[in-house]
Amino acid sequence: MSWAVADAVDYKGSPADPSKTGGWVPAALVLGIELCERLSTMGIAVNLVTYLVGTMHLPSATSANIVTDFMGTSFLLCLLGGFLADTFLGRYKTIAIFAAVQTLGTGMLAMVTKLRQLRPRPCKETATHTCEQARGFQMGVLYIALYLIALGTGGLKSSVSGFGTDQFDEKDEKEKTQMAYFFSRFFFFISLGTLMAVTVLVYIQDEISRSVGYGICSVAMFMAIIIFLAGTKRYRYKKSSGSPIVHIFQVIVAAIKKRKMDLPCNVGMLYEDTPEASRIHHTEQFHFLDKAAIVAEGDFEAGSTPNPWKLCSVTSVEEVKMVARLLPIWATTIIFWTTYAQMITFSVEQATTMERSIGRFQIPAGSLTVFFVSAILITLAVYDRLIMPLWKKWKGKPGFTNLQRMAIGLVLSIVGMAAAALVERKRLSVARAVGLTTATLPVSVFLLIPQFFLVGAGEAFIYTGQLDFFITKSPKGMKTMSTGLFLTTLSLGFFVSSFLVAVVKKVTGSKGGGGWLADNINRGRLDLFYGLLAILSIINLVIYLICAVWYKPKKPKAGIQMETYVKGSSAEEKC
């Protein structure tokens with residue numbers, strides 16, 4: 001039916017009517033559940049270390065590792081969520097199930113922080129006035145709650161953005177434009193949730209009760225699920241097309257088995273059984289994979305059905321090529337999240353040594369992330385309301401392309417690291433002048449705003465660019481998996497940061513001091529570390545630009561038509 005949305009059905013399984021399904025109303029419900037997810041996850045992560053140190057009496061390094069592992073696992077589990085959504089559940093069911101898991105986890109965490117038996121006695125109650133660390137059972141229950149939340153976050157985040165874009169038809173120009181706005185507004189809601197978490201929720205946890213703060217997270221997630229389910233009749237659904245991982249391996253295995261065979265001169269001789277409307281035309285990259293579509297003796301079993309481990313269609317091969325083309329871009333965006341990690345680690349440590357008073361009020365060092373989130377929100381608002389309309393009027397396109405946005409993000413992170421190095425050099429000069437052991441240096445903490453603002457603005461561009469790129473440039477049946485792949489760049493960025501810190505400490509450290517990253521940063525050279533990150537980011541940007549130019553696939557050769565290759569033909573025509 002010409003009026004129906006291509007490749008989409010309604011909740012009854014019938015072709016989706018564009019007048020009754022999709023659009024901004026159901027997309028807004030999806031944005032709502034993402035807002036509550038960010039409020040919940042970040043409301044826990046940004047202040048968890050103070051609970052682990054102050055209440056559970058764990059060492060600061062151990063506490064920091066617990067928080068890092070929690071966040072890293074949350075993003076890594078996006079791959080699992082993406083696999084389940086693409087293979088078995090579909091995005092709608094995946095969101096509903098894993099949102100319920102996260103609700104359960106946050107509710108359990110609220111109970112863990114409330115029950116006296118699940119935390120050690122306060123230090124003053126012990127006979128020796130020493131702090132008793134949390135016992136194995138107490139930590140075990142806490143870990144169960146945290147990793148239930150991590151599991152819920154991973155499964156939820158892998159599907160939310162993809163399901164949101166499912167509500168727009170790429171073949172409709174009006175809805176295609178709306179989809180472009182969706183990515184920036186999606187990240188706006190993420191940042192809004194984070195801002196509420198680092199201000200309102202952190203205040204409630206510190207000044208009222210931690211269990212009340214976590215309880216609010218659980219209630220917010222529960223209400224988000226109810227609202228999400230209320231839109232069931234309005235959503236558009238895309239059918240799952242089987243395991244994308246198995247599909248990828250089938251093409252690779254078939255290509256390896258036929259590695260000694262020659263490709264035909266005419267690509268029309270390659271096997272193709274995909275309906276005309278769903279076909280992907282042959283491209284010139286990764287010729288080796290094309291061999292999976294060469295018809296050979298023994299490829300067909302049970303009549304005219306091909307063995308997928310021996311023979312794959314051209315469209316199947318091209319889908320794997322699409323994923324392969326994503327990988328260089330994926331790899332060259334990891335370094336951004338390495339620089340991002342410095343904003344919540346060393347930049348906060350810098351703030352602890354600087355003057356933070358405004359009258360009688362002293363800004364908590366950790367609250368400097370407010371400037372970071374504010375930069376993201378301001379950048380998104382300016383881009384959404386000013387840059388996109390002007391760019392559309394000038395170029396006829398709804399804003400920068402996804403690759404351009406990622407490039408802007410990488411450039412801003414370089415400038416941010418350079419600014420951080422200059423500010424740190426200024427801070428160190430003051431420290432040497434007044435004494436390296438001075439607790440609070442006579443230098444304003446507001447000097448750190450440029451690095452927070454630049455990296456925050458960079459995140460606004462690169463996150464929306466990556467999200468757009470991995471969703472729109474991946475095969476239809478692998479969108480959720482590719483979203484999970486994108487989110488692993490965040491996780492790997494943190495891991496690369498940890499690795500880089502370990503290497504720098506080992507290389508620059510000595511018996512007489514701590515090197516660039518000394519325990520007392522007044523005695524270190526954090527400015528050189530920031531400079532190193534800026535240099536690495538410049539090298540990475542050059543590689544990224546090369547990959548971005550290479551990414552654009554070559555068009556099919558003119559005059560060659562893709563034809564369905566049926567059983568009984570042969571591929572003997574050679575070049």
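Position 1 is the first residue of the sequence, and the numbers go up from there.
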**OP:** Please assess Q466 against M406 for the test side-chain contact (heavy atoms from CB on, under 4.5 Å), listing each intermediate value before the final yes or no.
**Re:** CA-CA 7 Å; Q466 281 184 292; M406 285 186 273; 3.6 Å; yes
Subject >> Worked verdict on W309 versus V246 for side-chain contact (heavy atoms from CB on, under 4.5 Å) >> reply: CA-CA 10 Å; W309 293 95; V246 172; 4.0 Å; yes
Subject >> Audit row: E272, T274, side-chain contact (heavy atoms from CB on, under 4.5 Å) steps and yes/no >> reply: CA-CA 6 Å; E272 178 65 281; T274 307; 2.9 Å; yes
**OP:** Go through T489 and T333 one step at a time and tell me if the side-chain hydrogen bond (donor to acceptor under 3.5 Å, both in side chains) criterion holds.
**Re:** CA-CA 7 Å; T489 62; T333 52; 4.7 Å; no
**OP:** With side-chain contact (heavy atoms from CB on, under 4.5 Å) as the test, would you mind laying out the steps for V314 and V267 before giving the verdict?
**Re:** CA-CA 9 Å; V314 170; V267 296; over 6 Å; no
Original post:
Can K20 and D10 be said to form a salt bridge (charged side-chain N to carboxylate O under 4.0 Å, His left out), step by step?
Top reply: CA-CA 9 Å; K20 298 180 180 179; D10 59 19; over 6 Å; no
**OP:** Could you go through the side-chain hydrogen bond (donor to acceptor under 3.5 Å, both in side chains) check for E34 and S161 one step at a time?
**Re:** CA-CA 9 Å; E34 178 60 21; S161 55; over 6 Å; no
**OP:** Kindly determine whether Y237 and T21 satisfy side-chain hydrogen bond (donor to acceptor under 3.5 Å, both in side chains), including the steps that lead there.
**Re:** CA-CA 10 Å; Y237 305 86; T21 62; over 6 Å; no
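Two residues are said to be in side-chain contact when any heavy atoms from C-beta on lie closer than 4.5 Å; S313 and D273 meet this criterion. The closest side-chain heavy-atom distance from Q342 to Y530 is below 4.5 Å. D299 places none of its side-chain heavy atoms less than 4.5 Å from the side chain of Y271. You'll find the side chain of Q250 stays beyond 4.5 Å of the side chain of L311, heavy atoms only. A 4.5 Å side-chain heavy-atom check between V160 and F186 finds at least one atom pair inside the cut-off. Residues T283 and K321 meet the side-chain proximity criterion, which asks for heavy atoms closer than 4.5 Å. Proximity of L31 to W24: side-chain heavy atoms (C-beta onward) are separated by under 4.5 Å at one or more points. At least one side-chain heavy atom of K473 sits under 4.5 Å from a side-chain heavy atom of N402.
Annotation: F469 is in aromatic contact with Y551 [ring centroid separation under 6.0 Å]. Note: F228 and Y235 meet the aromatic proximity criterion, with ring centroids under 6.0 Å apart. Not less than 6.0 angstrom separates the ring centroid of F188 from the ring centroid of Y383.
Rounded to the nearest 0.5 Å, atoms OG (S316) and CD1 (I248) are 11.5 Å apart. I97 contributes atom CD1, which lies 10.5 Å from atom OH of Y92 (distance to the nearest 0.5 angstrom). Atom CD1 in I329 sits 8.5 Å away from atom CG in L326 (nearest 0.5 Å). Here the straight-line distance linking atom CD of Q102 with atom CG of L156 works out to 6.0 Å at 0.5 Å rounding. Here F75 contributes atom CZ and T41 contributes atom OG1; the two are 8.0 Å apart, rounded to the nearest 0.5 Å. Distance check, rounded to the nearest 0.5 Å: CG of L536 to CD1 of I414 gives 10.5 Å.
Applying the side chain to side chain donor-acceptor pair (under 3.5 Å) rule to E459 yields no partners; only residues at least two apart in sequence or on another chain are considered. Qualifying side-chain contact (heavy atoms from CB on, under 4.5 Å) partners for L454, counting only residues two or more places apart in sequence or in other chains: L412, V415, A419. Annotation: side-chain contact (heavy atoms from CB on, under 4.5 Å) contacts of I227 (sequence neighbours excluded): L29.
Below 30°, between 30° and 60°, or above 60°: for F461 and F400 the angle between ring planes is between 30° and 60°, a tilted geometry. Ring geometry, Y147 versus F70: the interplanar angle exceeds 60°, so the pair is classed perpendicular (tilted spans 30 to 60°). Between F286 and W550, the ring planes lie perpendicular to each other; the angle is over 60°, past the 30° to 60° tilted range. Taking the six-membered ring where tryptophan is involved, the planes of Y463 and F486 are perpendicular, since the angle between them exceeds 60° and thus also 30°.
A pairwise comparison of heavy atoms in L403 and Y544 identifies O-OH, 2.7 Å as the closest pair. Of all non-hydrogen atoms in A292 and A254, the two that sit nearest each other are CB-CB, 3.7 Å. Smallest separation of non-hydrogen atoms from F452 and F372: O-CD1, 3.4 Å. Closest approach of P475 and V323 over heavy atoms only: CD-CG2, 4.0 Å.
Residue I462 forms a side-chain contact (heavy atoms from CB on, under 4.5 Å) with just one option from L410, I408, V411, and that option is L410.
Using a distance-only test at 3.5 Å, with no hydrogens or angles considered, a donor-acceptor pair links the side chain of K258 to the main chain of K310.
Counting heavy atoms of neighbouring residues, nucleotides and ligands inside a 6.0 Å radius, atom CZ of F288 exceeds 12 of them.
In summary, D166 and R91 engage in a salt bridge, as defined by a charged side-chain N under 4.0 Å from a carboxylate O.
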